Every structure is written in structure tokens, then in C-alpha cells.
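Following: one structure in C-alpha cells, then a few remarks.
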Amino acid sequence: MEKDSRLNQKSSLGVPRADAESTHGILSSMITPTIVPARQHTSRFQRNRTPHTVVVFGAGASKSGGLPVTSALMDELDAWARANGRASHLKSIHDFIESYYFSFSAGTGSYPNIEDMLGLLDATEQYSRMRSGGVGFKWRPAMVRQLRSRLARLTGEFLWSFQNADIGQRTAAYRALVRRLGSDVIYVTFNYDLLLETALSLEGIEFSYSIGGNRVVVLKPHGSINWYHRNAFKIEAGEPTFDLGNNIVVYGNFDKATRGLRWVDREPVIVTPTPNKQFELFELQKIWTGISAAIHSARRLLIVGYSLPDTDRTARLVLRRAGPPHHRNRLIEAIDPSDQERRLKDRISPNLVYHRTTFEDWIAVQGP
């Protein structure tokens, strides 16, 4: 096989690039990130640098890579935890679920949507603080915070496990899309995983998590499994990290971190779609204003596997800027195999073009 000419080039983090043409059997240790470290400090585009296209990814896009959608994530997380020696971490999680979801049984599964559960944990912590430790309420603030941290850490470990030797195949649809779109694009993903970043890296496309400069941008308003709270633990010298701002540090590798480094089992920044959480950090505020600016100025909006759930009202407000009266001629397309056409036309634009198909089937029709 002829090797990619970029194989021996250095990425912005100083590691030789992987062969971008291989789509199967890629060793995770060969994934070389093309991320450009940058701080999140603005939501303004440079003159003449507004994006042509904004792509919004939801869980349906990650499903193309074999990852579960949010409604099924807890069930698969349970099975993964039991198979990987984490069963003991599930007990307190089960206790909380059984307190608030009567349909749940630890023996049969029927887990709630993970975003609903994380949001309920946040609400429970706030309610408990308001009660000031009143008698008769089991879920005290410290206990709830510990439980949420444990669930976020398990979720992070579980999603890191997909960054394995099959990652080239898992990201096939993403890679085809990023090749087609080139550099004049802003990607918005509501997914915590790293499929998009891995696809960009395997295609040799430089990107940043913040607006500014002449490169592709990836905005993640719900957080990411490689984002961590800056002051949560000590970062050793030489580790591939950079500050996204004063509150968030980014782990800059997309292969699975070793347990020796203890990045894979740290609590990642995972944000629930509630207003107080979506804007609690400066970096998140800039991400949301950046998304708003990008959608308002782009000529094309492509929505892949995102159904605009009722819980994410901020996304509904921002995506509404894509349609009339803000813009009457913008091309807005949505790709989803389920019947979401009426819902998205009602909430974004009546002119939206709906493709009722999967991400991988749609991209296959588009050609190279």
C-alpha cells in the first residue's frame, strides 16, 4: 500500500501523522491529532471569514460509528461496566434511579435517558442545598455530587473504549463528510465522543475548539470526554494538554489514554441541557455565542442525527436563527432515519429539506 505523503509530517502536538487513507485496522496509538491548541476567547469571526457551512451533529451521527444514542447509552454502559470490573460503581447509581424512576429494575435494565438522569442529578443537588440538609431527604449535596461525578467518569471511560483499533472504520461516514466539505465550515456536535475529531485528524484537517484563525472549528456545547475542569487535579509536565480557557483543560490525544496517566478515568466536562449548566462557565458561554454567530451568517446548515430534544431549549433558540425572518434563502437540510420532519420544520424553518435516511447511507449517495 502506498503511504500517505503526510505520514512523517508533524502535527501541532508534535507526533507523526497516521496514514489518513486506511479505514480499517488503525491502531489507536497511531491516531495523531491535528488539533491546534487555542483558548476560547471570542465568538466573533474575522473579516471575510464567516463560514459557508455549519454542520450540527447529534447522537444519530455517532450511531453510524456503533455508539449508542443517548436513550440507550445507560443500558450499554451497564453492560460495559459489568464486563470491565466496574459493577460496584453501579450500585449507588441504581439506588438513585430506583428513587425517581419506578419503571427501573436493576435486573431488567430499562434505564432512563442519560441526559435526563444527569439533569435530574443537577436538580437534586440544587434542591438539597436549598433544603440546607433538612431531615428526611436522603440525597444530600455531597452524595449527589459524588454520584454525578461517578456517572460522568463511567460515561467517559465507556466512550473512550470506542477509540480502539476499529476507529478508522467507525469514523468512515464522518471522514467522507469532512473530506467533501473542506475547510470553510464550523462543526457543532452535541456528542461527548471523539468521532468527529478523530475523523478530522485521520484526514489531516487542522481544527480548533475555538473561533479564530483560518481553520475548521469544532464547537461542543455539551462538553467532551477529553475536556476536564482545570483545577480538579494536578497535570504533570509534558502531558498533551492545553487550556481552552481558565476553567477547562483539553487532553489533546484521541487514542485511549492509559490508566497510568489516569486521564481516561477522570471526570470529564459533560454538560446537561439546562440553562444554569449550559452557561455556568465562560468557555461554554463563548461556545454558544459562537454557534449563534455561525448559524446566523452561514449560507448552509446541515443537521445530522439531531432531533432537537425538548430538554435542549437553548439549542432550539439558537437554531431558530437559521430560518425566517433571519434568513429566507439559506439552505437547511436535516438527515435522520426517524420521522422528525414536521418537528424540525416547526422549530427551525418551514423551508427545511428533510432526508429520511441514515448518515452513512446519505453520505454514500453523495459520492467522493
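None of these values were measured; they are calculated from a predicted model. Sequence positions, counted from 1, serve as the residue numbers for this chain.
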Parallel, tilted or perpendicular, as decided by the 30° and 60° cut-offs, for the rings of Phe57 and Tyr174: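 If you compare the ring of Tyr174 with that of Phe57, the planes turn out tilted.
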
Just by modelled atom types, is the [Y] backbone N or O under 3.5 Å from a matching donor or acceptor in the [X] side chain?
X      : Y      : answer
Ser128 : Thr124 : no
Asn226 : Tyr251 : yes
Ser64  : Gly60  : no
Ser161 : Phe158 : yes
Asp193 : Leu195 : yes

Looking at [X] and [Y], does any basic side-chain N land under 4.0 Å from a carboxylate oxygen?
X      : Y      : answer
Glu267 : Arg145 : yes
Glu125 : Arg129 : yes
Glu203 : Arg180 : no
Arg342 : Asp346 : no

Residue list, side chain to side chain donor-acceptor pair (under 3.5 Å) with Ser92, at least two apart or on another chain: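 Listed in chain order: Arg150.
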
Pairing residues for Ser208 by the side chain to side chain donor-acceptor pair (under 3.5 Å) criterion, not counting sequence neighbours: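 Ser210.
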
Side-chain donor-acceptor contacts of residues 182-189 below 3.5 Å, not counting sequence neighbours, with atom names and distances?
unit_1 : atom_1 : unit_2 : atom_2 : d
Asp184 : OD1    : His52  : N      : 3.3
Thr189 : OG1    : Asn191 : N      : 3.1

With a 4.5 Å cut-off on side-chain heavy-atom distances among I, L, V, M, F, W and Y, is there a chain of contacts connecting [X] to [Y]?
X      : Y      : value
Val69  : Trp80  : no
Leu301 : Leu181 : yes
Leu73  : Leu90  : yes

What pair of heavy atoms forms the shortest contact from [X] to [Y], and how long is it?
X      : Y      : result
Asp75  : Ser110 : OD1-N, 3.6 Å
Thr171 : Gly168 : OG1-O, 3.3 Å
Asp255 : Trp160 : O-CZ3, 3.0 Å
Ile332 : Ala322 : CD1-O, 3.6 Å
Tyr354 : Ser338 : OH-O, 2.5 Å
Ala334 : Leu352 : CB-CD2, 3.9 Å

Kindly write out the residues that satisfy salt bridge (charged side-chain N to carboxylate O under 4.0 Å, His left out) with [X], not counting sequence neighbours, or none if the list is empty.
X      : answer
Lys345 : Glu341
Arg316 : none
Arg215 : none
Arg321 : none

Heavy-atom side-chain proximity of [X] to [Y] below 4.5 angstrom:
X      : Y      : result
Leu77  : Arg82  : no
Val217 : Leu219 : yes
Ile291 : Pro221 : yes
Leu308 : Ile348 : yes
Thr314 : Trp288 : yes
Asp116 : Thr70  : no
Glu157 : Arg86  : yes
Ile93  : Leu154 : yes

Between Tyr306 and Phe190, does the ring centre distance come in under 6.0 Å?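 Yes, the ring of Tyr306 comes within the 6.0 Å limit of the ring of Phe190, centre to centre.
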
Atom [atom1] of [X] and atom [atom2] of [Y]: how far apart are they, to the nearest 0.5 Å?
X      : Y      : atom1 : atom2 : result
Leu67  : Phe162 : CG    : CZ    : 4.5 Å
Leu244 : Ile287 : CG    : CD1   : 6.0 Å
Asp336 : Leu344 : CG    : CG    : 7.5 Å
Thr32  : Leu202 : OG1   : CG    : 8.5 Å
Arg175 : Ile205 : CZ    : CD1   : 10.0 Å
Arg148 : Asp122 : CZ    : CG    : 4.5 Å

Derivation and outcome, side-chain hydrogen bond (donor to acceptor under 3.5 Å, both in side chains), residues Asn247 and Glu283: CA-CA 7 Å; Asn247 304 289; Glu283 294 90 338; 2.9 Å; yes

Sequence neighbours excluded, every pair satisfying salt bridge (charged side-chain N to carboxylate O under 4.0 Å, His left out) that has a member inside residues 298-313: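 Only Arg300-Glu333, Asp310-Arg343, Asp310-Arg347 qualify under salt bridge (charged side-chain N to carboxylate O under 4.0 Å, His left out).
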
Salt bridge (charged side-chain N to carboxylate O under 4.0 Å, His left out) partners of residues 354-366, not counting sequence neighbours, each pair once: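 Counting only pairs at least two positions apart or across chains, no salt bridge (charged side-chain N to carboxylate O under 4.0 Å, His left out) contact touches residues 354-366.
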
Distance alone, cut at 3.5 Å: any donor-acceptor contact between the side chains of Asn351 and Arg330?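 Note: Asn351 and Arg330 side chains miss the donor-acceptor criterion.
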
Using the side-chain contact (heavy atoms from CB on, under 4.5 Å) rule, pick out the option among Leu302, Ile363, Thr358 that qualifies with Ile335.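 Per the side-chain contact (heavy atoms from CB on, under 4.5 Å) rule, the option paired with Ile335 is Leu302, out of Leu302, Ile363, Thr358.
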
Yes or no on side-chain hydrogen bond (donor to acceptor under 3.5 Å, both in side chains) for Thr272 and Glu115, after CA distance, side-chain angles and deciding distance? CA-CA 6 Å; Thr272 51; Glu115 288 192 341; over 6 Å; no

Report the C-alpha distance between Ser71 and Asn113 in whole Å, list the side-chain angles of each, state the deciding distance to 0.1 Å, and finish with yes or no for side-chain hydrogen bond (donor to acceptor under 3.5 Å, both in side chains). CA-CA 4 Å; Ser71 60; Asn113 185 303; 5.2 Å; no

Pro112: which residues meet the side-chain contact (heavy atoms from CB on, under 4.5 Å) condition with it, sequence neighbours left out?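 Pro112 satisfies side-chain contact (heavy atoms from CB on, under 4.5 Å) with Ile97, Tyr101, Met117 only.
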
Ring pair (Phe, Tyr, Trp, His ring centres under 6.0 Å) partners of Tyr192, counting only residues at least two apart: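 By the ring pair (Phe, Tyr, Trp, His ring centres under 6.0 Å) rule, Tyr192 matches no residue at all.
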
Does Phe96 have any ring pair (Phe, Tyr, Trp, His ring centres under 6.0 Å) partners at least two apart in sequence or in another chain, and if so, which?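 With neighbours one apart ignored, the set is Tyr100, Trp139.
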
Between Ile248 and Arg230, is a side chain to side chain contact (heavy atoms under 4.5 Å, CB included) present by the stated rule, with each step listed? CA-CA 5 Å; Ile248 296 176; Arg230 184 66 180 81; over 6 Å; no

